[in-house]
There are 2 protein chains.
Amino acid sequence: MEELYEPLDEETLFIVSQTFKALSDPTRIRILHLLSSGEFSVTEIANRLSLLQSTVSHQLRFLKNLRLVKYRREGTTLYYSHDDEHVLHILEQTIRHARDH
Amino acid sequence: MEELYEPLDEETLFIVSQTFKALSDPTRIRILHLLSSGEFSVTEIANRLSLLQSTVSHQLRFLKNLRLVKYRREGTTLYYSHDDEHVLHILEQTIRHARDH
DNA sequence: TCAATATATGAATATATGCTCATATAAGTT
DNA sequence: AACTTATATGAGCATATATTCATATATTGA
């Protein structure tokens with residue numbers, strides 16, 4: 001019933017907090033949630049979510065640094081998609097949980 | 001394979017972001033992780049985690065507001081324990097995931 | 001090479017956040 | 001009531017964060 005307690009080491013604590021920090025901002029949540037349905041260019045994301053291109057780009061860099069998203073290039077266009085099944089699963093799980101009030 | 005996309009309404013977005021915000025701070029993570037193994041008083045938490053009583057009390061209030069923890073009183077002592085299986089499960093899951101590098 | 005389009009970046013700003021200190025409150029004990 | 005112990009609270013401060021604006025970079029095509 002109760003979990004076994006093991007104090008968290010610095011590195012684990014950092015990774016865990018960074019991961020959840022990525023999921024704690026409404027803009028990043030919306031971006032990741034959109035990317036859960038496929039790949040989109042920066043401009044497409046900005047249009048779909050009514051955000052500035054710059055805002056989207058900044059947040060995608062944040063997510064990219066944590067390897068939560070990846071992209072492929074096609075000409076001048078970068079198509080972004082998610083790159084962490086575990087984190088995406090947690091997000092979608094929590095969204096469903098929240099929607100049940 | 002891909003999830004069905006449904007734009008997030010304001011309320012869901014707020015709940016989800018608040019939930020992850022609770023898990024995005026190292027101090028709150030340590031407190032919740034400790035509480036995953038049982039109930040502890042404010043002073044015990046502070047001692048175990050080498051934090052000031054005030055710091056712990058502030059963070060417990062934060063977690064209490066989100067109903068992630070609850071307490072029972074015994075004299076002047078308040079014993080805190082976790083109060084959200086779903087969130088605790090996500091935390092422990094992510095800790096295990098992070099520990100595997 | 002120049003223009004057009006897509007994206008990234010840096011600085012500035014406003015706001016949010018976490019910690020600490022000092023102090024308040026609450027319950028139990030004498 | 002006074003004292004002790006446990007916890008809560010508010011103000012102040014330092015830092016972190018998200019957004020915006022202006023501009024830089026990169027790729028393609030004429």
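Chain letters run A, B, ... following the sequence lines, proteins first, then strands; residues in each count from 1.
- Within the structure, the ring pair (Phe, Tyr, Trp, His ring centres under 6.0 Å) test picks out the following pairs touching residues 12-35 of chain B (sequence neighbours left out): A:Tyr5-B:His33, A:Phe20-B:Phe20.
- Nucleic acid contact class of B:Tyr80 (heavy atoms, under 4.0 Å, all strands): sugar-phosphate only.
- Rounding to the nearest 0.5 angstrom, the gap separating the CZ atom in A:Arg96 from the CG atom in A:Asp100 is 9.5 Å.
- Per the stacking criterion (ring centres < 5.5 Å, plane angle < 30°), B:His58 does not stack onto the base of C:dC19.
- A distance of 5.0 Å separates OG of A:Ser17 from CD1 of B:Ile29, quoted to the nearest 0.5 Å.
- Bending across the helix from C:dT1-D:dA30 to C:dT30-D:dA1, expressed as the angle between its end axes from five pairs apiece, amounts to 10° (10° rounding).
- Put simply, B:Ile45 and B:Leu78 are part of the same group of oily side chains (I, L, V, M, F, W, Y) that touch within less than 4.5 Å, one to the next.
- Nearest heavy atom pair, residue A:Ala98 against residue B:Val16, reads CB-CG2, 3.7 Å.
- Here the C1' atom of nucleotide C:dT20 and the CZ atom of B:Arg61 are 14 Å apart, to the nearest Å.
- With a heavy-atom cut-off of 4.0 Å to chain A, the contacted part of DNA chain D has its first and last nucleotide at D:dT17 to D:dT28.
- Contact detail for A:Arg30 and A:Leu49: the closest heavy-atom pair is NH2-O, 3.1 Å.
- Applying the salt bridge (Lys or Arg N to Asp or Glu O under 4.0 Å) test to pairs two or more places apart or on separate chains, those with a residue in residues 33-58 of chain A are A:Glu39-A:Arg72.
- Contact check of residues 45-56 of chain B against DNA chain C (heavy atom, cut-off under 4.0 Å) returns B:Leu52, B:Ser54, B:Thr55.
- Between B:Gln59 and the phosphate of C:dC19, there is a side-chain N or O to OP1/OP2 separation shorter than 4.0 Å.
- Grouping the Ile, Leu, Val, Met, Phe, Trp and Tyr side chains by contacts below 4.5 angstrom, directly or via other members, places A:Leu13 with B:Leu51.
- For the atom pair CD1 of A:Ile95 and OG1 of B:Thr12, the computed distance is 8.0 Å after rounding to the nearest 0.5 Å.
- In this structure, the separation between OG1 on B:Thr19 and CG on B:Leu91 is 12.5 Å, given to the nearest 0.5 Å.
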Please tabulate, one pair per line, all N/O donor-acceptor pairs under 3.5 Å involving side-chain atoms of residues 54-71 of chain A, not counting sequence neighbours.
unit_1  : atom_1 : unit_2  : atom_2 : d
A:Gln59 : OE1    : A:Arg28 : NH1    : 2.9
A:Asn65 : ND2    : A:Arg61 : O      : 3.4
A:Lys70 : NZ     : A:His82 : O      : 3.2

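- Pairing each heavy atom of B:Leu35 with each of B:Phe40, the nearest pair is CD2-CD1, 3.9 Å.
- In this structure B:Thr76 satisfies the side chain to side chain contact (heavy atoms under 4.5 Å, CB included) test with no other residue, sequence neighbours excluded.
- In terms of the side-chain hydrogen bond (donor to acceptor under 3.5 Å, both in side chains) criterion, residue partners of B:Gln93 (sequence neighbours excluded) are, by chain and number, B:His89.
- Within a heavy-atom distance below 4.0 Å of DNA chain C, the residues of residues 63-77 of chain A found are A:Thr76, A:Thr77.
- Using a 4.0 Å cut-off on heavy atoms, the residues of residues 16-23 of chain B that approach DNA chain C are B:Lys21, listed by number.
- For the atom pair CD1 of B:Ile15 and CG of B:Leu8, the computed distance is 11.0 Å after rounding to the nearest 0.5 Å.
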